[in-house]
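In what follows, a structure is listed as C-alpha cells, so that the remarks can point back to it.
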Amino acid sequence: MEKNIISVRPMDIRDFADGKHRITDDRPYGGGAGMVMKPEPLAGAVRQAREQMPGCRTILLSPQGRPFKQSVAGELSLLDGLIFICGRYEGVDERIYPYIDDEISIGDYVLTGGEPAAMIIIDAVTRLLPGALGSDESADKDSFSDHLLEHAHFTRPQVFEGESVPDVLLSGNHGVIENWRRESSLMRTLLKRPDLLEKAELSEKDREILKRWCEHIGRVISD
Ligand code: 4H6
C-alpha cells in the first residue's frame, strides 16, 4: 500500500443495513445455534464496491471454496480489482450467491471469519504485481509454479554452531551451484512434500537423483 501497488478499502456492511439497529445478522430459519449474515447488507456493499471498481471479481472466502493455490494467486493478479466477502458467525445467507463470482478456501480448517483468508490472498497476489518485489527477489516468484520446494539457503557466518555452509556454494562455479540447488529442491520435496512430485516436470537426470535418494531413505515411489 505504501508503494501504491495496491489499495485496500475495508467496508462496514453495517452502512448498508436498514432499520434502527442496522443489524447484519439474524437467526437461522429452521433453528439451531448461531447467527447467519443477512443478504441485503452484503448485496448493498458489493453493489457499491463494484461501482467504484469496474472489471473486478467478487470472491467469497469460505471453507466450501476452491482451494487457493499459487496458480489461483497468478490468476487473480491479472484482474483489475478484487472484492472479498468475509463471512462471520455461521456463514452467509445462501441467496447472496448471485453476487459472487468466485468462492475460495485457503485450506481445510475453520476460521472465525474470512478476514485472515482475505489477507493471505492479498499478500500472495500483491507480491506478483509489478514493483512489489525488489529486482533481486523477482526471479524466484514462480518458485512454486514448478511444483518443487525451494532449495536450502545459507548466509554468513560460514560456520554456525559447528555446521558449515556446503563447499559448492563457496566454489563460485555457477553450473555446479545450479546442480546442487536442483538436487536440494528435489530432495526437500521428496522428504517434505512427496505429493508435489506428481505435478513436477522432471528431467531424466532429476528422476535419477530422486531414485538415488529414494534408495538412500528406503522409500519406494512410482515412476
Ligand atoms: C463463509 C461461510 C474461510 C465464511 C462460512 C472462511 C475458513 C475459511 C466463513 C464461514 C472461514 C477458509 C463461519 C464457517 C464460521 C465455519 C468464515 N473459515 N464459517 N478455509 N470462516 O478459507 O464457521
Side-chain angles (χ1 to χ4, degrees), residues 1 5-19 21-53 56-129 132 141-145 147 149-150 189 192-196 198-199:
M1 286 194 279
I5 296 159
I6 59 157
S7 64
V8 180
R9 221 174 72 60
M11 298 177 81
D12 184 353
I13 52 161
R14 230 166 156 179
D15 295 342
F16 304 88
D18 289 329
H21 302 289
R22 302 196 304 152
I23 58 165
T24 59
D25 64 326
D26 207 339
R27 292 152 64 206
Y29 275 110
M35 301 291 268
V36 175
M37 290 182 81
K38 290 166 68 60
E40 311 97 307
L42 288 173
V46 169
R47 263 189 255 109
Q48 190 188 86
R50 280 180 173 158
E51 274 169 29
Q52 298 168 5
M53 206 166 39
C56 66
R57 183 183 294 187
T58 303
I59 300 166
L60 175 67
L61 291 323
S62 101
Q64 284 99 55
R66 64 184 176 127
F68 187 61
K69 301 262 167 62
Q70 190 61 37
S71 56
V72 178
E75 182 190 327
L76 300 183
S77 74
L78 303 175
L79 300 174
D80 285 331
L82 303 171
I83 297 169
F84 294 104
I85 302 181
C86 303
R88 286 285 186 107
Y89 319 114
E90 299 308 302
V92 297
D93 188 291
E94 191 70 11
R95 294 163 295 177
I96 199 61
Y97 276 97
Y99 285 83
I100 290 164
D101 305 317
D102 201 353
E103 187 173 13
I104 297 177
S105 164
I106 60 159
D108 291 338
Y109 37 79
V110 179
L111 303 170
T112 317
E115 294 87 349
M119 287 181 71
I120 281 162
I121 293 176
I122 291 166
D123 185 285
V125 169
T126 302
R127 67 185 290 286
L128 299 179
L129 299 177
K141 70 185 170 191
D142 38 300
S143 65
F144 230 103
S145 24
H147 302 286
L149 299 179
E150 273 277 90
T189 311
K192 301 183 190 199
R193 290 291 307 278
D195 58 299
L196 291 178
E198 303 263 347
K199 284 189 175 164

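Since we're looking at a predicted model, the values are computed, not measured. Along the sequence shown, the residues carry numbers beginning at 1. The figures that follow rest on heavy atoms only: side chains count, while hydrogens, waters and symmetry mates do not. We count ligands from 1, going down the list as the structure has it; atoms in each ligand are counted the same way.
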* Asked: Any donor and acceptor pair, going by atom type alone, linking the side chain of D93 with main-chain N or O of K38 inside 3.5 Å?
  -> no
* For R50 and C56, which heavy atoms make the closest approach, and how far apart are they? -> CG-SG, 4.2 Å
* Audit row: L61, L111, side-chain contact (heavy atoms from CB on, under 4.5 Å) steps and yes/no -> CA-CA 10 Å; L61 291 323; L111 303 170; over 6 Å; no
Run through all N or O atoms in ligand 1 and write down each protein N or O closer than 3.5 Å, as a pair with its distance.
{"from": "ligand 1", "atom 1": "18 (N)", "to": "L111", "atom 2": "N", "distance (Å)": "3.0"}
{"from": "ligand 1", "atom 1": "20 (N)", "to": "S105", "atom 2": "OG", "distance (Å)": "3.3"}
{"from": "ligand 1", "atom 1": "20 (N)", "to": "G107", "atom 2": "O", "distance (Å)": "2.8"}
{"from": "ligand 1", "atom 1": "20 (N)", "to": "Y109", "atom 2": "O", "distance (Å)": "3.2"}
{"from": "ligand 1", "atom 1": "21 (N)", "to": "L111", "atom 2": "O", "distance (Å)": "3.0"}
{"from": "ligand 1", "atom 1": "22 (O)", "to": "I106", "atom 2": "N", "distance (Å)": "2.8"}

* Considering all heavy atoms of both residues, which atom of A132 and which atom of R127 are nearest to each other, and what is their separation? -> CB-CA, 3.8 Å
* Is there side-chain contact between V46 and I96, with heavy atoms separated by less than 4.5 Å? -> no
* Would you mind checking if D12 and R14 are paired as a salt bridge, meaning a charged N to carboxylate O distance below 4.0 Å? => no
